[in-house]
There are 4 protein chains.
Amino acid sequence: MTSPERRFVISLGCPDATGIVARIGAFIADAGGWIVEAGYHTDPDTGWFFTRQEIRADSLPFDVDELRRRFSSVAEELGSRTSWRVWDTAQRRRVVILASKEGHCLHDLLGRIGSGELDVDLGAVISNHERLGPITRAHGVPFHHVPFPSDPEGKSAAFEQVRELAEKHDPHAIVLARFMQVLPPDLCERWLGRAINIHHSFLPSFAGARPYHQAYERGVKLVGATCHYVTAELDAGPIVEQDVMRVDHADAVPDMVRKGRDLEKLVLARGLRWHLEDRVLVYGKRTVVF
Amino acid sequence: MTSPERRFVISLGCPDATGIVARIGAFIADAGGWIVEAGYHTDPDTGWFFTRQEIRADSLPFDVDELRRRFSSVAEELGSRTSWRVWDTAQRRRVVILASKEGHCLHDLLGRIGSGELDVDLGAVISNHERLGPITRAHGVPFHHVPFPSDPEGKSAAFEQVRELAEKHDPHAIVLARFMQVLPPDLCERWLGRAINIHHSFLPSFAGARPYHQAYERGVKLVGATCHYVTAELDAGPIVEQDVMRVDHADAVPDMVRKGRDLEKLVLARGLRWHLEDRVLVYGKRTVVF
Amino acid sequence: MTSPERRFVISLGCPDATGIVARIGAFIADAGGWIVEAGYHTDPDTGWFFTRQEIRADSLPFDVDELRRRFSSVAEELGSRTSWRVWDTAQRRRVVILASKEGHCLHDLLGRIGSGELDVDLGAVISNHERLGPITRAHGVPFHHVPFPSDPEGKSAAFEQVRELAEKHDPHAIVLARFMQVLPPDLCERWLGRAINIHHSFLPSFAGARPYHQAYERGVKLVGATCHYVTAELDAGPIVEQDVMRVDHADAVPDMVRKGRDLEKLVLARGLRWHLEDRVLVYGKRTVVF
Amino acid sequence: MTSPERRFVISLGCPDATGIVARIGAFIADAGGWIVEAGYHTDPDTGWFFTRQEIRADSLPFDVDELRRRFSSVAEELGSRTSWRVWDTAQRRRVVILASKEGHCLHDLLGRIGSGELDVDLGAVISNHERLGPITRAHGVPFHHVPFPSDPEGKSAAFEQVRELAEKHDPHAIVLARFMQVLPPDLCERWLGRAINIHHSFLPSFAGARPYHQAYERGVKLVGATCHYVTAELDAGPIVEQDVMRVDHADAVPDMVRKGRDLEKLVLARGLRWHLEDRVLVYGKRTVVF
């Protein structure tokens with residue numbers, strides 16, 4: 001995303017076998033492709049192979065659609081019908097953010113977008129509270145307030161409204177930036193692999209509500225944050241990134257909350273960047289992050 | 001600053017001797033003071049003693065001026081004529097930020113102030129470029145553009161203008177948030193202990209210009225950032241906070257720059273918080289951070 | 001323990017009240033005591049106060065027994081009948097280690113003792129396997145092999161033998177250095193506050209058996225280690241120290257095991273040092289570590 | 001080294017060009033080779049390409065000598081006459097350690113070798129002091145005491161003796177485990193790429209003598225350790241690994257020394273492992289670590 005030069009990025013998962021590297025390498029070399037970054041991984045448990053390759057766009061004599069068309073035969077040959085993607089870095093990523101009252105993650109993402117560090121199209125911020133409207137609009141981003149009633153029907157209708165507002169942008173990522181509402185299972189399913197959440201604990205410890213309180217009561221010496229894909233099982237989706245920060249006995253819950261915010265911002269920003277750069281390949285509950 | 005309750009904070013440095021803890025403890029106890037946080041340190045090399053104490057304001061039968069008046073005799077008794085301070089957390093800190101074109105540190109501080117995490121009066125942002133004006137004003141903060149010509153006289157006049165604009169706010173902290181201009185010696189002297197800078201390296205390595213380039217050329221495996229008080233000797237002032245981040249051979253200079261921004265933001269924000277909470281006591285080139 | 005000079009160390013927990021710091025400070029000052037390190041903490045939830053003070057032994061006109069006698073009235077006055085201790089750093093700590101087949105923690109502790117870094121009397125190493133006998137004896141430390149049968153009676157008798165062998169040394173710490181046997185409840189009770197364990201995960205995640213396998217299956221991005229006091233509830237005792245280390249998709253379980261060993265060694269060594277230096281005060285499931 | 005299965009490891013540096021990955025991939029695939037780990041890196045500044053590949057030995061129909069013979073044509077084709085290597089993990093690495101009086105790094109390496117974590121042939125420990133003889137011999141390793149006089153001739157003769165003792169083992173690594181003597185230029189040249197040192201600072205800060213004292217005086221908030229190849233310029237060789245650890249105002253020099261030991265042990269052990277596993281490729285002052 002900060003690449004000064006345009007690149008085509010191939011990501012693929014397929015059953016492991018001898019000669020995959022050579023097959024893909026030959027495909028790229030035959031087209032004159034200049035590989036500027038390449039990652040490979042074999043998972044011995046599942047016998048699955050993963051790769052991600054960045055090719056200089058100007059080294060290829062055709063455009064990304066043609067690359068996609070040609071590569072589809074290679075992928076099929078390798079037994080990967082659906083688990084491959086080709087991305088042209090010149091095609092900007094579209095993002096929608098869901099937020100609530102807590103603004104630190106939103107402020108951080110807006111700052112990264114505003115300073116050009118995160119070069120994406122932020123289509124909208126949707127929130128169940130008004131509070132973050134002014135700062136969102138000050139960044140020139142549309143803000144939608146969707147109140148969430150506490151009754152199931154009202155909530156269901158609110159989620160339907162969120163869905164519509166979000167999907168209008170055909171987003172590559174729907175970011176739950178401390179959204180505080182549990183997505184209904186059908187939305188989890190619908191947005192699988194695109195809805196990305198930040199949870200304020202080092203999962204699997206302290207899933208669910210009030211993780212800093214849980215951490216305080218258990219007396220841990222580090223608190224953490226986890227960026228993960230949203231699945232129907234709460235806080236149990238594939239983990240993209242995690243980090244921790246030291247606390248000690250002098251840190252009461254409000255101190256943990258304050259310190260933890262910096263973690264949440266960093267971990268979410270890193271996870272989101274990797275997701276948008278097609279660096280994350282999911283298999284089961286695990287992720288390869290190239 | 002995030003303390004829910006009002007506190008009086010005493011900070012003191014004095015020659016070490018037997019009975020200092022008892023003397024201060026008795027002074028506070030005699031007034032009925034409830035100590036909620038206390039730090040002590042003796043530096044064996046210099047024979048100097050340091051302490052910082054947070055007292056619940058509502059546990060004392062008098063206000064902060066009276067506390068200051070009474071404590072001054074204790075401080076004098078202990079041989080500390082000038083190196084002590086008393087701060088009432090209800091008195092909000094005043095801050096001025098100097099910036100240039102790079103916005104990440106400014107965005108971060110504005111976000112922290114906007115979300116209420118950093119509860120200060122930001123009087124003004126002063127910059128030698130226009131670029132950060134809109135976002136500053138969107139946060140409701142006055143922005144002053146002071147162009148810096150390259151000739152010595154022009155530069156000198158520009159600094160004089162910066163000085164006037166900054167001092168109008170009688171700031172507790174003048175934050176050089178990637179300001180990129182070297183303060184003249186007289187301003188360093190004048191703002192000693194109040195001008196706080198973020199340098200994008202793990203000092204003393206890579207002082208001066210283009211530290212990420214220097215780091216890249218040396219082939220280090222971690223890059224860092226340093227928050228320090230500004231002194232006349234470039235990048236050599238007392239260090240308040242530092243941190244590092246892992247890089248590897250795949251990280252070219254632009255990657256270091258991008259990753260390093262997160263470090264700079266965090267390290268500056270932590271250092272500034274500690275400075276404003278009167279947690280930092282300087283002695284020579286070293287600091288005690290309670 | 002590495003202090004070049006002899007010190008008397010007071011640790012105390014008591015109900016919080018105004019004037020405790022002054023009371024203890026006056027007690028020490030009246031005796032001419034020179035405080036070289038002091039820590040204070042108030043837990044707002046429980047209303048309990050904690051302190052630890054290091055006093056230069058040569059600054060007091062009496063020995064440690066007299067200090068203990070005199071301080072007992074202060075402690076009683078402050079409502080702390082049993083939760084205070086006075087330690088003379090000239091009295092070397094006695095340690096017993098329980099090990100099994102995995103040698104890395106034992107090797108590490110023997111190395112620290114052998115190089116003088118950890119200045120303790122290691123009375124014995126007790127193991128349910130022979131394997132670590134030679135290296136233990138090469139360090140001049142008695143090694144006892146106590147086989148653990150799988151039947152309950154045999155196991156019970158084995159634990160009785162371990163108890164006798166350990167208690168002969170009247171140890172300040174019984175270190176479970178990857179002992180792999182679950183202490184029976186009566187022994188947990190008997191050794192409460194002295195039995196210290198290293199668990200190879202970032203608790204409370206992955207308690208119980210095969211934590212690295214659990215971590216691998218969950219796909220976490222960091223693995224950890226936890227040093228905690230042993231209680232009857234498995235892996236749920238008060239935590240003394242924790243740390244983590246980054247892993248990625250390329251790390252299979254054996255890599256996690258290998259990398260994790262370094263963590264286990266460090267975390268156990270730090271936790272043990274703090275325990276032996278009387279820096280750890282337990283309250284409920286939490287610890288203050290001064 | 002902890003690989004359960006035998007592998008052949010190819011490391012190569014060559015001028016970057018289109019098709020290298022395909023060329024090497026085809027070579028391996030044509031022989032039926034099963035790649036279990038692969039790393040690639042292109043350095044844009046120097047236009048140099050680097051790769052390291054691990055192939056399951058039992059997937060190839062020939063032995064390592066034949067692999068080396070065949071690969072040499074590929075390497076030549078790619079313009080890499082001398083900067084490639086093929087290693088058979090079944091061929092154990094030979095190591096010689098140079099030590100002085102400080103035992104922590106030696107204890108640590110002996111422990112890792114003794115517990116089987118580091119599966120190497122430790123041919124000898126050579127020291128200018130007697131102190132570490134007993135523990136070395138207790139591990140069944142030959143120990144040579146070579147006294148170092150202070151006069152140049154005596155020192156020169158001592159180095160000649162060290163050279164002979166070391167080279168008798170034809171070592172893949174000569175480890176300066178806090179050796180404290182500066183290797184003469186001719187020995188640096190002779191052992192280039194094999195002599196590996198641990199320096200107790202975060203280089204390039206605090207090169208030379210007494211780095212912890214330098215760090216203390218500068219008032220840094222983190223101390224570090226650096227594992228690097230030895231070159232004629234003191235503490236300026238290519239860096240293999242670095243790490244840091246937080247210190248604060250309460251840490252005097254002896255505390256830094258004590259805490260730093262853990263860093264030195266870890267950083268040296270990691271650097272040595274990577275070197276022995278042929279993961280480190282040097283170019284200029286920089287290293288690729290796969």
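Throughout, a chain's letter reflects where its sequence line sits, starting with A, and its residues are numbered from 1.
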Non-hydrogen atoms of B:C14 and B:I20 that approach each other most closely | SG-CD1, 3.7 Å
Test item: C:V223 and C:V244 side chains (from C-beta on) under 4.5 Å apart, heavy atoms | no
Are the side chains of B:I10 and B:I24 in touch, meaning some heavy atoms are under 4.5 Å apart?
-> no
Are the side chains of B:L109 and B:L268 in touch, meaning some heavy atoms are under 4.5 Å apart?
-> yes
Would you indicate whether the side-chain heavy atoms of B:V36 and B:I55 approach each other to under 4.5 Å?
-> no
Quick one: does C:F49's side chain get under 4.5 Å of C:V21's, heavy atoms only?
-> yes
Across chain C and chain B, what donor-acceptor pairs are shorter than 3.5 angstrom?
| from | atom 1 | to | atom 2 | distance (Å) |
| --- | --- | --- | --- | --- |
| C:D16 | OD2 | B:W34 | NE1 | 3.2 |
| C:W34 | NE1 | B:D16 | OD2 | 3.2 |

